[in-house]
**Q** 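Sharing a structure below in structure tokens format, with a few things to ask.
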There are 2 protein chains.
Amino acid sequence: MTLPLSVTGQQFIAGRRVASGEATLPGLRAADGEPTGYRFYPASREEAAAAALAAEQAFPVYSQTSPEVRARFLDTLADELDLLGEDFFAIAHQETALPLARLQGERARTSNQLRMFAGVLRRGDAFGVRIDTALPARQPLPRPDLRQYLTALGPVAIFGASNFPLAFSTAGGDTASALAAGCPVVVKAHPGHMATAELTAQAIVRAVEKAALPAGVFNMIFGTDIGAELVRHPAIQAVGFTGSLRGGKALWQIAQQRPQPIPVFAEMSAINPLLILPQALATRAEALAKELVASFTLGCGQFCTKPGLILVLRGEGMARFTQTLKEAVDQAPAQTMLNAPTLAHYQDGISAFEAHPDMQRLGGNDEAVRGQAQARLYQAPVSLLLAQDPLLQHEVFGPLAVLVEVADEAEMQAVLRAIQGQLTATVHAESDDGPLAQRLLPALSEKAGRVLFNGYPTGVEVCDAMVHGGPWPATTDSRGTSVGTKSIERFLRPVCLQNVPAALLPPAVQDANPLNLLRLINGQWTREAISPSVD
Amino acid sequence: MTLPLSVTGQQFIAGRRVASGEATLPGLRAADGEPTGYRFYPASREEAAAAALAAEQAFPVYSQTSPEVRARFLDTLADELDLLGEDFFAIAHQETALPLARLQGERARTSNQLRMFAGVLRRGDAFGVRIDTALPARQPLPRPDLRQYLTALGPVAIFGASNFPLAFSTAGGDTASALAAGCPVVVKAHPGHMATAELTAQAIVRAVEKAALPAGVFNMIFGTDIGAELVRHPAIQAVGFTGSLRGGKALWQIAQQRPQPIPVFAEMSAINPLLILPQALATRAEALAKELVASFTLGCGQFCTKPGLILVLRGEGMARFTQTLKEAVDQAPAQTMLNAPTLAHYQDGISAFEAHPDMQRLGGNDEAVRGQAQARLYQAPVSLLLAQDPLLQHEVFGPLAVLVEVADEAEMQAVLRAIQGQLTATVHAESDDGPLAQRLLPALSEKAGRVLFNGYPTGVEVCDAMVHGGPWPATTDSRGTSVGTKSIERFLRPVCLQNVPAALLPPAVQDANPLNLLRLINGQWTREAISPSVD
């Protein structure tokens, strides 16, 4: 394959390509760690600052654009992504080892996600308008005219994930929701797929130009250690992150230590417990075991919502379940991981499990395949979970799961109290399990952002109702989500205008309701205009 | 006056009164710092932990109560507050020096605030329901049934303010919104009004009993250094705070340093800039000056939204404005502050202004009145603001304001960029000032939670549209508010239920919509039930 010349490895700052120093960051092939031939310039401190300032400069204009202007921009951007061709997918596959069909599906998800936010802007519920009109005759004091709406926080720094090089990266959910909210962005390109990031960024720049928006609406810098510098920059007003607990926590701490701390939404870590209740075990032991192994080895176990902890209530079917699990794991083929550091982390994770005296290995092919990961299944005594042993609380990114037998309902409730916050929790139950499932549901809802029945958590639907979030350490703020339309709220804040003259009111809060928003007016939800006052 | 015997100074833990050690905390009279005769037990670490655990124990039951049950509880609590009589007000006046009429007005505000949250629960919009129904035939993959709703975060630790011993204290906005959200609370009683806090807490306990709720729904501890211990306790899942920058930041840092960090909403500090535009100055110079002094000396300047920074665009009327300001400040009577430490802080603030070489004193009575505060007005060169001199960025709690003359629009925009986040920003403008006001409005909205025209910010209406929040250091999270119905969102998080059997769904997300909520169903806002699927 010839290398597309357009990958220059320079920073994207307000529509210009900028570089200083040497292009010392080589792109690497996921399969063998060899160079792709592309080289990238690590951003200097000055370039990181310039990117943040470019976003700040674009903010006053971009944040005040109409929702229709932003919706058209997001549609244009989606179209640009859809035009990315074979070269793009070839590079993305080289950098991530993800199969072509998966990358094409992820591209569709990414462009549809942008179109979904265009729809949110046209539907208008992200404005959150609440109006209390003046009551000049009220005793003992008149009530002023008060009009609340949601407005953009400011420039957002975005750190994408390795495992979704499109949907959670340069043009992924954080970028889409920040741009929809009216926030310019500075993306720190993920070092695992820099050429993919660059080609995606070029598509975004084309969309910014076509939409005639300020060039600083989108910026991207390359580098490995420059993220901290970006988060420290005073122009940055929020951070979106998807990745490891260690990485997310580090950026979050930097954001808190600024003279002006800023909100960070980091989606970090989960072991995604999956509970199997007695009737489900008795009637579906073999099928459950096979589906489970398929789920936790899917995409080499590199999903944020991989079910990593299998909690089975002891009962009829346990032996069949365990035996089938073991066989399926033994037969699971070795797979290439996203990159060499990810494989090394996975192997460190396996070593920690092997070294733990109470951890019993149940299955997994021992044959070493160069540069590939083998699936692993361990069994742990429930006492380890109840004692909050760190090894069982921390995510191992890769095709590894842990089976824990739980004696009874009381022990299951104790386990649910002992585990940390999660992105998901899953229950497998048949009709006779219903009352038990109902008693467990509150504890599951308390610990996870999403609770699902009789399925597997690795599918994350992009829609209004999705929550991809959860209590720490799943995320830094359980009140947010990084998937679905509610994710826009992470980058919005309310402002109240009091007695502002009608001529100066923004469209969202004008009497005539020109944006046709659903608004809370004097305690009633309505799309009606506000009638002129008679007094 | 005889002391009501019912003030025992013990902790409130799950409906019981508990104390260990000695009652070493004396209540003090605001007017002269002399003991009121009441004494309080500083909570031990064990008592703080017991209060947090009591709240945790109440959580599973209380968080699952129906909105109508919680609404009736809040109504009952409001009624109990309204029954507080002369004894209560006499104590509150002793402890805070706030006039009786003011305290009565504040009580009405506090009980109406509780009733407002009862109304929010009955209106149902705090559930934020979003449902995407299953699409089993969708290609390439079916869509599962997804149902999102908002659920309580967990037990909340609450730290009230000195300046509103009812509305921002034991039964104030943080307590009301947390209880409405389904979160049990642990209040750290404000040391400046402990007897007021105790009598309020007794009213809350009566309401908890009448509503037959778990006793741990409400808990309160006394003490001065015990707050940190409370915030560190693993049972506590969120913090509400109103007070100083120093106090709020300290608790916020403790919350971030926990093994499981938790959200803190702290309302901390603001200088509340007030802008006077040329035509307003020319036509209303004297009236503006008099109203302004009345506003920043109201209640001895002890409002979070006191206008502390007066920014005047130089022009016709400046001399009249300054002269009238000076006269009004000179004539302002001395007033008693909330307590001796508050007065000492105010005097420290004045000393810092007097010591600053560029700060010119414009007005204020010099006569020392024992235990009372005199109003002060200073003038500062605009260069100090543009240089972000710390003295001009930090709130001085008390009847002090700073006047700054600004040369032109460009300089005013530069000043707005230089100041920190604010609770409020105010503009005085006449019709000819309209275009200028319109150009300034985006910068004002970027810096403040509330922007008001031709008024004074010290009135904070309790309603749907109010925002009492703003960017750091006004609060720790500009996405929240501590006044108004939106404040409930600080204590709620979304959960998504995927393919959960109908029989197990909570009422908010059931097909039949038994709570008659306005819900976002398949992209449409509706109160309709979901029809049974035909496939």
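Numbers restart at 1 for each chain; the letters A, B, ... are given by sequence-line order, proteins then strands.
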**Q** Looking at A:L153, A:T481, A:L141, A:V495, which one has more heavy-atom pairs under 4.5 Å with chain B than the rest?
**A** A:V495

**Q** Do we see a donor-acceptor contact under 3.5 Å between the side chains of B:N272 and B:T305?
**A** no

**Q** Which answer fits A:R527, side chain, backbone, both or neither, if we ask what part of it has an atom under 4.5 Å from a heavy atom of chain B?
**A** side chain

**Q** For the residue pair A:W252 and B:P261, establish whether any side-chain heavy-atom pair is separated by less than 4.5 Å.
**A** yes

**Q** So which part of A:S445 gets closer than 4.5 Å to some heavy atom of chain B, the side chain, the backbone, both or neither?
**A** both

**Q** Got a donor-acceptor contact below 3.5 angstrom from the A:S63 side chain to the A:G182 backbone?
**A** no

**Q** Nearest 0.5 Å please: distance from the OG1 atom of B:T476 over to the CG atom of B:L245.
**A** 10.5 Å

**Q** Is the shortest side-chain heavy-atom distance between A:R493 and A:T151 below 4.5 Å?
**A** yes

**Q** Side chains of A:I521 and A:I131: does their closest heavy-atom pair fall under 4.5 Å?
**A** yes

**Q** Mind ranking A:G119, A:A465, A:P506 by heavy-atom pairs under 4.5 Å with chain B and telling me who comes out on top?
**A** A:A465

**Q** What part of B:R138 gets closer than 4.5 Å to chain A, counting heavy atoms only: side chain, backbone, both or neither?
**A** side chain

**Q** Can you tell which of B:V120, B:D125, B:T485 has the highest number of heavy-atom pairs within less than 4.5 Å of chain A?
**A** B:D125

**Q** List the residues meeting side-chain contact (heavy atoms from CB on, under 4.5 Å) with A:A255, not counting sequence neighbours, and say none if there are none.
**A** A:V231, A:I262, A:V264

**Q** Are A:D477 and A:R490 close enough that some pair of their side-chain heavy atoms sits under 4.5 Å apart?
**A** no

**Q** If I measure from the heavy atoms of chain A, does B:E489 come under 4.5 Å with its side chain, its backbone, both, or neither?
**A** both

**Q** With a 4.5 Å cut-off on side-chain heavy atoms, are A:L497 and A:Y149 touching?
**A** yes

**Q** Could you have a look at B:G484, B:G470, B:A443, B:P263 and say which one has the most heavy-atom pairs with chain A under 4.5 angstrom?
**A** B:P263

**Q** With chain B, which of A:Q253, A:Q260, A:Q256, A:Q524 has the greatest number of heavy-atom pairs at distances under 4.5 Å?
**A** A:Q256

**Q** Give the member of B:C496, B:G480, B:A503 that has the highest number of heavy-atom pairs under 4.5 Å with chain A.
**A** B:C496

**Q** Below 4.5 Å from any heavy atom of chain B, which atoms of A:L441 appear? Answer side chain, backbone, both or neither.
**A** side chain

**Q** Answer yes or no: are there more than 12 heavy-atom neighbours, outside B:Q57 itself, under 6.0 Å from its atom CD?
**A** no

**Q** Can you list the steps and then say if A:R479 with B:L492 is a side chain to side chain contact (heavy atoms under 4.5 Å, CB included)?
**A** CA-CA 7 Å; A:R479 295 169 301 176; B:L492 293 168; over 6 Å; no

**Q** What residue, out of B:Q64, B:Q420, B:R147, B:E446, has the most heavy-atom pairs lying under 4.5 Å from chain A?
**A** B:E446

**Q** Go through the structure and list residues passing side-chain contact (heavy atoms from CB on, under 4.5 Å) with B:P494, not counting sequence neighbours.
**A** A:V467, A:K486, B:Q148, B:L150

**Q** How far apart are the closest heavy atoms of A:D132 and B:D464, and which atoms are they?
**A** OD2-N, 3.1 Å

**Q** Output the residues of residues 424-439 of chain A for which the shortest heavy-atom distance to chain B is under 4.5 Å, in residue-number order; output 'none' if no such residue exists.
**A** A:G434, A:A437, A:Q438

**Q** I want to check something: taking the side chain as every heavy atom from C-beta on, are A:M268 and A:W472 in contact at a cut-off of under 4.5 Å?
**A** yes

**Q** Under a 4.5 Å heavy-atom cutoff, which of B:P60, B:G469, B:P442, B:G523 has the most pairs with chain A?
**A** B:G523

**Q** Output the residues of residues 453-463 of chain A for which the shortest heavy-atom distance to chain B is under 4.5 Å, in residue-number order; output 'none' if no such residue exists.
**A** A:F453, A:E461, A:C463

**Q** Quick check on the interface: out of A:L146, A:L520, A:N522, who has the most heavy-atom pairs with chain B under 4.5 Å?
**A** A:L520

**Q** Does the side chain of A:L423 reach to within under 4.5 Å of the side chain of A:H468, using non-hydrogen atoms?
**A** yes

**Q** If you count heavy-atom pairs within less than 4.5 Å of chain A, which of B:D145, B:L504, B:L518, B:N499 leads?
**A** B:L504

**Q** Looking at A:P144, A:G105, A:P473, A:A448, which one has more heavy-atom pairs under 4.5 Å with chain B than the rest?
**A** A:A448

**Q** Do you know the tightest heavy-atom contact between A:T475 and A:F265?
**A** CG2-CZ, 3.7 Å

**Q** Less than 4.5 Å apart, any side-chain heavy atom of A:E56 and any of A:L53?
**A** yes

